[in-house]
Amino acid sequence: MSDFYARARADALIGPVLGAAVGDWETHLDRVTAFWITLLGGVEPGGPGLWRGDLGAAHTGLGLRRAHLERWLELFGEAAQAHLTPAAAEGLTARARRMGERLRPAARRS
């Protein structure tokens with residue numbers, strides 16, 4: 001997650017959205033990590049490992065467009081490929097794509 005967010009924060013398209021939305025990066029990374037651990041059915045070492053929240057509500061009001069979602073998926077896939085085996089990276093990015101489909105209606109078309 002740290003590599004993905006480093007890529008995303010430096011990205012010309014989604015970096016400004018993240019910069020405006022996230023004030024505390026350490027807390028954000030902890031929450032996102034807990035989200036993915038929960039989504040994948042794992043338990044976070046040393047922590048509860050359970051994310052509770054509303055994915056849609058967490059992204060409402062950010063002004064996301066489909067281009068943001070597509071770029072997010074691209075960067076997420078790059079980070080996954082850099083750190084995981086090909087099979088694990090594909091599994092994780094497939095989950096991310098499915099999750100993106102749930103968020104897509106909230107993202108404006110342009």
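The first residue in the sequence is number 1, and the count goes up from there.
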Q) Do L64 and L69 touch side chain to side chain, with heavy atoms closer than 4.5 Å? A) no

**Q.** Minimal non-hydrogen separation, A67 against L13, with atom names
**A.** O-CD2, 3.4 Å

Q) If every non-hydrogen atom of L29 is compared with every non-hydrogen atom of S2, which pair is closest and at what distance? A) CD1-OG, 4.2 Å

(Q) Given 3.5 Å as the limit, does a donor-acceptor pair link the side chain of T27 with the main chain of D24, or not? (A) no

Q | L18 side chain reached by W25 side chain, heavy atoms, under 4.5 Å | A | yes

Q. Relative to W36, does R95 satisfy both conditions: NZ or CZ under 6.0 angstrom from the six-membered ring centre, and within 45 degrees of the ring's axis?
A. no

Q. Hey, are the side chains of F76 and M1 touching, using non-hydrogen atoms and a 4.5 Å cut-off?
A. yes

Q | SB check E90 R97 (cutoff 4.0 Å) | A | yes

Q. Looking only at heavy atoms, which two atoms of A80 and L92 are closest? And how far apart?
A. CB-CD2, 4.3 Å

Q: Could you check if a side-chain atom of V22 sits within less than 4.5 angstrom of a side-chain atom of Y5, using non-hydrogen atoms only?
A: no

Q | Separation of R9 CZ from D11 CG (nearest 0.5 Å) | A | 13.0 Å

**Q.** N-O pairing of E74 and R71 below 4.0 Å
**A.** yes

Q | Whether T93 side chain and A96 backbone form a donor-acceptor pair below 3.5 Å | A | no

Q: Keeping the roles fixed (side chain from H68, backbone from R65), state whether a donor-acceptor pair exists under 3.5 Å.
A: yes

Q: State plainly whether the residues R7 and D3 are in salt-bridge range, i.e. N to O under 4.0 Å.
A: yes

